[in-house]
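The next block holds one structure in the form of structure tokens; read it before the comments.
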Amino acid sequence: MIDLRLLREDPDAVRAAYSKRGGVKGLDEVIAADAVYRERLKEVEELRAEQNRASKAIGNAAPDDRPAAIAEAKELSDRLKELEPVLEEVQQKLESLAAHLPNLPHSSVPEGASEDDNVIEREVGERRDFDFEPKDHVELGEALGIFDSERGAKTSGSRFVYLTGNGVLLELALVRFALERLSERGFKPMAPPLLVREHAMYGTGFFPADEFEIYRLERDDLYLIGTSEVPLAAYHSGEVLDAADLPVRYAGFSPCFRREAGSYGKDTKGLIRVHQFDKVEQFSLTTAEDSWDEFATIRANEEMILQALEIPYRVAVMCGGDLGSSAAKKVDHEAWLPGAQRYLELTSASNTTDYQSRRLKIRHRGKEGTALVHTLNGTAVAVGRTIVALLENHQQADGSVDIPEALRPYTGFSKLTPPA
RNA sequence: GGAGGCGUGCCCGAGUGGCCGAAGGGAGCGCACUGCUAAUGCGUUAAGGGGUUAACACCUCUUCCGGGGUUCGAAUCCCCGCGCCUCCGCCA
């Protein structure tokens, strides 16, 4: 949720910020609904003030005067009962309209409507020279026997996979590796609930914007998380944190569930786009003053991990149109896949400023009263896609795959080889 | 799944229909005192919205887990939900 006061006081500034997203639909409707709301609010509040006075007077009135006073107060109360539902309706309309407004892009966000307008900030790491034709991860993975898509599909449908054998060990190694690196840097490991209530989805901005992407358990009114960002953000909902404790940093480890609606036919094979994958996620809560420094920290951690895994990547700054609703700025790290001959988004860092904390009511107490915290999130390791990048980049001519040095303490093996 | 108890401000906790936005304590802040720290004394501090102001101030509404209801009036009474605790059942 954006700050409606800002919209009210300076609609042009909001409009200008939104122009980076290629404009946002429904802004005028929100402004109009807000005006109607405030008009009604004033009406009702004046009546309430009168009613409160009348009703208070009854308590102090002499017994003889009471019947008349009660009659008068009752009339006011009756009138209120007619007006209040109208106010309620107007307010809900305002809220549901405003809930669709995305966050305001930061000034450094490039303008643009689609991913074609994202800006490549830089390339990091050397692409290897292969003296053989590099294979893609599907071919490699199947030959190595580390995952099984076909039986995944048999059991659960397309886009579900079994990790098998050393694939599982590789996954656990990546998770341990990421958790240790982050926990050294002050991020507390968390294994959150995977099923959450609606308020958590709404509070993080996944509802209403991305509702179609989320699995729903209708019987129990719960939703499967698409990222641990959701339960980590909701963890402190309704709380007032001590400013001295900020930043609060978490390393969430969880499976992630995504319906991948609307991506039929895209990345249908292998581990790239699946309905379920495991991920270690960074999540920070901090002050408005520090949030861009924290953003830099999260980005640096992501790069540190990619470099340790010896994966060449490029840094892509998302343009306004490619931001997602809750982010004020988003930066992706895209790995180069020599087999597939393309880049693949491996990690992504977002500063959602106060967009989530306003909905979740997470504040901090500082010298000048309370203020909304800023929340940030960023991938540490998305296991499936990281395996993709490891396979393709570290493959050898004989079909084996070298494990990067940094990961070996966690895997216990230095090479993946096809089963004899 | 069954029975009962509980949910109050930053934290703890009193409050069973009007004098309650809420006693008291802790914590924070300010002042005083004190070589320093600590201790002590006095004062002060809820949040959110709307109006108004150059600003301070001020006016007003809402909020005692959430949602409904009764009433002129609800922290207080009733109903539903959520959470926590205790007991029983079940279970890794």
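Numbers restart at 1 for each chain; the letters A, B, ... are given by sequence-line order, proteins then strands.
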Could you state the [atom1]-[atom2] distance from [X] to [N], rounded to the nearest angstrom?
X       : N       : atom1 : atom2 : answer
R363(A) : rC11(B) : CZ    : P     : 10 Å
R66(A)  : rG17(B) : CZ    : C1'   : 12 Å
Q91(A)  : rG48(B) : CD    : P     : 17 Å
K361(A) : rU63(B) : NZ    : C1'   : 11 Å
D245(A) : rG28(B) : CG    : P     : 13 Å
Y202(A) : rG66(B) : OH    : P     : 18 Å
L87(A)  : rG49(B) : CG    : P     : 16 Å
E88(A)  : rG49(B) : CD    : P     : 18 Å

In B/S/- notation (B base, S sugar-phosphate only, - none; protein heavy atoms under 4.0 Å), nucleotides 54-62 of chain B written 5' to 3' is ------SBS
What does the B/S/- profile of nucleotides 69-83 of chain B look like, 5' to 3', with a 4.0 Å heavy-atom cutoff to protein? ---BS--------SS
Can you list everything that forms a salt bridge (Lys or Arg N to Asp or Glu O under 4.0 Å) with R216(A)? Sequence neighbours excluded, please. D221(A)
Going by the rule salt bridge (Lys or Arg N to Asp or Glu O under 4.0 Å), which residues pair with R40(A) if we only count those two or more places apart in sequence or in a different chain?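 Partners of R40(A) under the salt bridge (Lys or Arg N to Asp or Glu O under 4.0 Å) test: E43(A).
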Rounded to whole angstrom, note down the [atom1] distance from [N] over to [M].
N       : M       : atom1 : value
rG48(B) : rA27(B) : P     : 24 Å
rG26(B) : rG83(B) : C1'   : 25 Å
rG9(B)  : rG28(B) : C1'   : 13 Å
rA14(B) : rU8(B)  : C1'   : 9 Å
rG18(B) : rU71(B) : C1'   : 12 Å
rG13(B) : rU70(B) : C1'   : 29 Å
rA75(B) : rG66(B) : C1'   : 15 Å
rA47(B) : rC11(B) : C1'   : 15 Å

Base-pairing mate for [N] - Watson-Crick or G-U, with both contacts under 3.5 Å:
N       : result
rG21(B) : none
rA54(B) : none
rC31(B) : rG41(B)
rG1(B)  : rC88(B)
rC10(B) : rG26(B)
rC64(B) : none
rG73(B) : none

Compare all side-chain heavy atoms of P208(A) with those of H100(A) and state whether any distance is below 4.5 angstrom.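 Heavy-atom side-chain distance check passes, below 4.5 Å.
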Is a salt bridge present between E111(A) and R21(A), judged by a nitrogen-to-oxygen distance below 4.0 Å?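 Looking at E111(A) and R21(A), the cut-off is not met.
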Could you list the residues that satisfy side chain to side chain donor-acceptor pair (under 3.5 Å) with Y313(A), not counting sequence neighbours? E303(A), Q307(A)
To the nearest 0.5 Å, what is the distance between CZ (R15(A)) and CG (D10(A))?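 Answer for the CZ-CG pair, R15(A) versus D10(A), is 10.5 Å.
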Stacked cation flag R359(A) on Y202(A), 6.0 angstrom / 45 deg: yes
Looking only at heavy atoms, the pair that brings P404(A) and L309(A) closest together is CG-O, 3.6 Å
Looking at E281(A) and T379(A), what are the two nearest heavy atoms and their distance? OE1-CA, 3.4 Å
Quickly, which of L144(A), I387(A), T411(A) forms a side chain to side chain contact (heavy atoms under 4.5 Å, CB included) with L416(A)? Name it, please. L144(A)
Listed partners of F413(A) passing ring-ring contact (aromatic ring centres under 6.0 Å, His included), at least two apart: none
